[in-house]
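One structure below.
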Protein chains: 2
Amino acid sequence: MAIPASEAQGRIRRFERLCQERGLPVTVQRRVVLEALLEAEDHPSADQVLAKVRQRVPGISQATVYRGLDLLVEMGLARKTCNPGRHCRYDANIHRHHHLVCDRCERMVDLEDPTLNDLPMPDRNLTGFHLVDYTIQFRGTCPDCLRAQHREGIE
Amino acid sequence: MAIPASEAQGRIRRFERLCQERGLPVTVQRRVVLEALLEAEDHPSADQVLAKVRQRVPGISQATVYRGLDLLVEMGLARKTCNPGRHCRYDANIHRHHHLVCDRCERMVDLEDPTLNDLPMPDRNLTGFHLVDYTIQFRGTCPDCLRAQHREGIE
DNA sequence: CTCCGTGCAAAAGGTTTGCACTGGT
DNA sequence: ACCAGTGCAAACCTTTTGCACGGAG
């Protein structure tokens, strides 16, 4: 969803600050990628961002946009709304259930919790969607990666 | 998550019935793909399913496994747990928010609903995960596709 | 017997990477 | 001036597709 202009300004400044902290140059290309994403109404694919960015910087290369997007995600200024990894995953569990996803290693495990299975469905009159089911994706760090992080902290 | 043997049997019979209804042959390959998925502990990628299937049917081709998985999804016997489409999508909205996803056209729109933003996080002592956030993905049909379906019903 | 599914291999499509040159700091 | 970023193109990886053969109904 498009970010309001007021907030977008702050987001761009935050981006510049984060770059400085890491000693990364704030290039036109990077800034334009961020701006394109802030203005997007939907959840654009990398290619859609590329198209939008090229309206402003015609010569920009695909690789630069991909790299710019990854940087934003790494900095916490954007989210990748797809699943971790490059491949599709399949699941034979077709009942309502939820997922715990590790941000670090991309592991995904099931969560069966009946207390989470009776959320009210968003009203069709408000959303326009006819919704039939839902899944909650919890994000965080899995046990293995927690241990690994802890070890890294010690070393 | 692995499906209990008792339920797996029923799932296989349901698969056979669905094939018959559609006049599709129940081949060894198709059955093995389903079995591999029912036995999987995690959310395997297509390639992981392929590896598992080849333990039992060494000569099976990659394409057959991909086709088998798609058939299962189409029949409602499995879920693709990745996002619609082949590409990653990006989102500049980094606050807690949720998604409405159309099963038909793969459109994804944001849902901001404060009443959905205070779900209890699963307990770390139970899951082992240190969870920091969550997103709810609602699945269904978007307004455009509802209209399209309606028109198809009339014709 | 007829089709459809399979296997093989090639194509497709999205993303990543190596390298020389350019541009920010 | 230095070092990282960019552009270009090739590589990579997952998924899809076309076609001839063989097996299911």
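Throughout, protein chains are lettered first and strands after them, A, B, ... in sequence-line order, and every chain is numbered starting at 1.
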DNA chain C: 5'-proximal contact among A/A46 and B/L24 (nearest heavy atom):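 On the 5' side of the pair lies B/L24.
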Ignoring backbone atoms, establish whether [X] has a side-chain N or O less than 4.0 Å from OP1 or OP2 of [N].
{"X": "A/T27", "N": "C/dG23", "result": "no"}
{"X": "B/S61", "N": "C/dC8", "result": "no"}
{"X": "A/Y66", "N": "C/dT15", "result": "yes"}

Whether [Y] and [X] form a salt bridge (side-chain N of Lys/Arg under 4.0 Å from carboxylate O of Asp/Glu) is what I want to check.
{"X": "A/D113", "Y": "A/R96", "result": "no"}
{"X": "A/R56", "Y": "A/E39", "result": "yes"}
{"X": "A/D133", "Y": "B/R139", "result": "yes"}

Distance-only side-chain donor-acceptor flag, B/N117 / B/H97, under 3.5 Å: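 B/N117 vs B/H97: no donor-acceptor pair found between side chains.
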Flag for B/N93-B/E112: side-chain donor and acceptor within less than 3.5 Å: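 Yes, because at least one side-chain N or O of B/E112 sits under 3.5 Å from a partner of the opposite role on B/N93.
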Whole-Å distance between [N] [atom2] and [X] [atom1]?
{"X": "A/Y90", "N": "D/dT14", "atom1": "OH", "atom2": "P", "value": "13 Å"}
{"X": "A/L50", "N": "C/dG13", "atom1": "CG", "atom2": "C1'", "value": "14 Å"}
{"X": "A/H87", "N": "C/dG13", "atom1": "NE2", "atom2": "P", "value": "21 Å"}
{"X": "A/E106", "N": "D/dT14", "atom1": "CD", "atom2": "C1'", "value": "15 Å"}
{"X": "A/Q20", "N": "C/dG24", "atom1": "CD", "atom2": "C1'", "value": "12 Å"}
{"X": "B/R30", "N": "D/dG23", "atom1": "CZ", "atom2": "P", "value": "16 Å"}
{"X": "B/Q48", "N": "D/dC13", "atom1": "CD", "atom2": "C1'", "value": "14 Å"}
{"X": "B/K80", "N": "D/dT14", "atom1": "NZ", "atom2": "C1'", "value": "11 Å"}

Residue whose closest nucleotide on DNA chain D lies nearer the 5' end, A/V57 versus A/G23: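 Here A/G23 is the residue nearer the 5' end.
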Candidate nucleotides C/dT16, D/dT14, C/dC4, ranked by approach to the side chain of A/Q62 - the nearest: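 Among the listed nucleotides, the one closest to the side chain of A/Q62 is C/dT16.
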Closest listed nucleotide, where the reference is the side chain of A/P25 and the choices are C/dG5, C/dT16, D/dA4: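 The answer is D/dA4, which lies nearest to the side chain.
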Under 3.5 Å donor-acceptor pair, B/R67 side-chain atoms to C/dG7 base atoms: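 Under the 3.5 Å cut-off, the side chain and the base do form a donor-acceptor pair.
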